[in-house]
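Working notes, beginning with the structure itself.
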Amino acid sequence: MAGMRFYFDWSNYFTMARLLRSDPTQRNHRARYLRFVLGVPVIAGIHALCFALDPLLFPALRRTEVCKPTFCIGHARSGTTYLHRLMAEDPQFSYALMYELFFPSLLQKKLLRLMFRIDAATGGGLRRRLDEVEERVFAPTDDIHKTGFFVPEEDDALLTWSLSSGFWIVAFPYMGELDFYHVDRWPVRKRQRMMAFYKECVRRQVALNGGGTHLSKNPTFCGRVETLVETFPDARIVVPMRNPYETIPSLLKLMKTEWSLRGRDEQLVLNSLRVLADQSVDTYTHPLEVLSRHPEIHSSVVDYRELVGSPASTMRRIYDDLGLDVGPEAKRAFAVAEARGGHETAHRYSLAEFGLDPREIHNRLADLFDQYQWDIEGKEAHVN
């Protein structure tokens with residue numbers, strides 16, 4: 001089966017190698033370059049071998065279907081994480097934990113789960129050490145986006161070792177030269193090959209979890225909605241909408257923090273932030289344009305304020321839009337979210353910090369500002 005083959009983006013590989021080689025401003029320049037040029041193909045080769053073994057070791061994988069997957073997309077910082085983790089409380093869904101995303105084969109995932117079961121039965125020393133690493137690694141950005149190895153996370157990371165994941169932008173802030181976002185603009189063959197591989201990764205995750213409906217959350221997928229519909233004609237899509245005066249500077253703050261922690265060149269960071277800010281407009285408009293062309297797709301566009309202000313009733317409406325049943329576990333999870341309410345974050349941001357003109361943003365998204373009656377002065381964030 002052609003779709004069972006591992007996908008590796010050689011074009012991105014050579015571009016990224018060139019960018020690393022020509023950027024002497026980074027720390028340990030030569031060592032980083034050699035680690036990338038030599039290490040990435042070797043690691044990808046190991047993953048490719050395990051990927052190829054999957055259908056031989058697990059024949060039932062061929063009979064596993066990816067049916068009606070649900071995608072939570074929308075501008076970063078618009079409530080996609082809140083929505084995704086709330087829906088992950090519903091047992092009808094299958095999803096990936098962060099640590100599973102970087103091991104795309106079913107063989108690897110099963111071995112990892114076996115390792116953690118053995119660890120739990122023998123005192124949990126490995127898990128404690130991982131918790132310590134998690135605390136140290138994620139602490140600098142925890143107030144912006146709380147995450148961890150054992151929580152549901154963006155499954156775009158399944159494409160990490162294929163060099164097709166947006167996560168590489170964290171290490172390679174060369175926006176404008178590297179594009180992991182505008183997949184709908186890619187050549188047809190390239191995007192079909194990449195998404196066929198993504199679908200095979202999803203199939204393996206569903207098989208690992210014993211079935212269920214795949215649940216995905218990826219802001220970067222806003223640039224590939226047409227391709228998602230091509231790949232998954234029965235997809236369900238949820239799009240939270242939040243005031244861009246809040247989401248755009250929040251995303252820029254997150255990325256600036258990540259790049260600064262890695263000691264990236266200040267001018268390089270500023271250039272990438274400008275490209276990212278401009279791309280944000282497409283992140284709002286493109287999903288809506290594609291969905292308007294595909295009325296056959298079950299979709300729900302939801303106001304962020306309603307999602308965090310009245311999660312129980314809003315989630316019931318989303319489920320109704322998507323044609324999903326609200327089971328008892330989901331009802332309890334939504335009720336708990338309702339009782340808990342939105343939570344404050346220590347993270348604060350502003351348009352002025354990034355030299356953004358609120359009038360320009362308003363003009364480019366005027367229809368959405370009118371539709372959602374967004375405060376043109378902007379407000380502070382309350383829920384990540």
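The structure displayed is predicted, hence computed values, not measured ones. No hydrogens, no waters, no symmetry mates; every other heavy atom, side chains included, goes into these values.
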Hey, does the side chain of R242 reach the backbone of R77 with a donor-acceptor pair shorter than 3.5 angstrom? yes
How about E266: does its CD atom have over 12 heavy atoms from other parts shown lying under 6.0 Å from it? no
For the CG atom of D303 and the CG atom of N243, what is their distance to the nearest 0.5 Å? 10.0 Å
Check the orientation of W161 and W168. Use parallel for under 30°, tilted for 30 to 60°, and perpendicular for over 60°. perpendicular
Which distance, rounded to the nearest 0.5 Å, do you find between the CZ of F51 and the SG of C201? 4.0 Å
Please check if the number of heavy atoms outside N363 that lie under 6.0 Å from its CG is greater than 12. yes
Does the side chain of H47 pick up a donor-acceptor pair with the side chain of Q108 at under 3.5 Å? yes
Above 12 or not: heavy atoms from other molecules or residues under 6.0 Å from NE2 of H182? yes
Any salt bridge linking E154 with K217? Criterion: basic side-chain nitrogen under 4.0 Å from a carboxylate oxygen. yes
Do any N or O atoms from the side chain of E329 and from the backbone of P91 form a donor-acceptor pair under 3.5 angstrom? no
Measure the spacing between CD of Q92 and CG of L324 and express it to the nearest 0.5 Å. 5.0 Å
Checking salt bridge (charged side-chain N to carboxylate O under 4.0 Å, His left out) for the pair R129/E132: CA distance, chi angles, key distance, verdict? CA-CA 5 Å; R129 283 193 290 274; E132 291 170 1; over 6 Å; no
How are the rings of Y13 and F36 set relative to one another: parallel (under 30°), tilted (30 to 60°) or perpendicular (over 60°)? parallel
Y245 side chain to P358 main-chain N or O, any donor-acceptor pair under 3.5 Å? yes
I'd like to know whether the aromatic ring centres of Y304 and Y372 sit less than 6.0 Å apart in this structure. no
Can you check whether F8 and F197 have ring centres sitting under 6.0 Å from each other? no
Backbone of D156 reached by a side-chain donor or acceptor of N218 within 3.5 Å: yes
R203 side chain to T64 main-chain N or O, any donor-acceptor pair under 3.5 Å? yes
Any side-chain to backbone donor/acceptor pair from R191 onto V183? Under 3.5 Å, distance only. no
Please lay out, stage by stage, how F116 and F149 fare under the test ring pair (Phe, Tyr, Trp, His ring centres under 6.0 Å). CA-CA 12 Å; F116 285 122; F149 296 132; 9.5 Å; no
Aromatic plane relationship, Y99 with F150 - under 30° parallel, 30 to 60° tilted, over 60° perpendicular: tilted
Would you indicate whether K331, at its atom NZ, is surrounded by more than 12 heavy atoms from other residues, nucleotides or ligands within a distance under 6.0 Å? no
Any donor-acceptor pair under 3.5 Å from W259 side chain to I169 backbone: yes
Any chance you could lay out the salt bridge (charged side-chain N to carboxylate O under 4.0 Å, His left out) test for R204 and D54, step after step, and finish with the verdict? CA-CA 9 Å; R204 284 157 170 76; D54 284 343; 2.7 Å; yes
If you round to the nearest 0.5 Å, how far is CG of L251 from OG of S78? 10.0 Å
In terms of side-chain geometry, is the basic nitrogen of D131 or R127 positioned less than 4.0 Å from the acidic oxygen of its partner? yes
Below 6.0 angstrom between ring centroids: does that apply to Y284 and F369? no
Is the ring pair F71/F232 parallel, tilted or perpendicular, if the boundaries are 30 and 60 degrees? tilted
Can you confirm whether more than 12 heavy atoms, excluding those of K110, are under 6.0 Å from its NZ atom? yes
Can you check whether L97's main-chain N or O pairs, donor with acceptor, with E100's side chain at less than 3.5 Å? yes
Electrostatic pair R316-D321, nearest N-O below 4.0 angstrom: no
Do H75 and S280 have side-chain N/O donor and acceptor atoms under 3.5 Å apart? yes
Atom pair CD/OG1 of E177 and T15 - distance to nearest 0.5 Å: 8.5 Å
Could you check whether any side-chain N or O of D184 sits under 3.5 Å from a backbone N or O of T227, counting only pairs where one atom can act as donor and the other as acceptor? yes
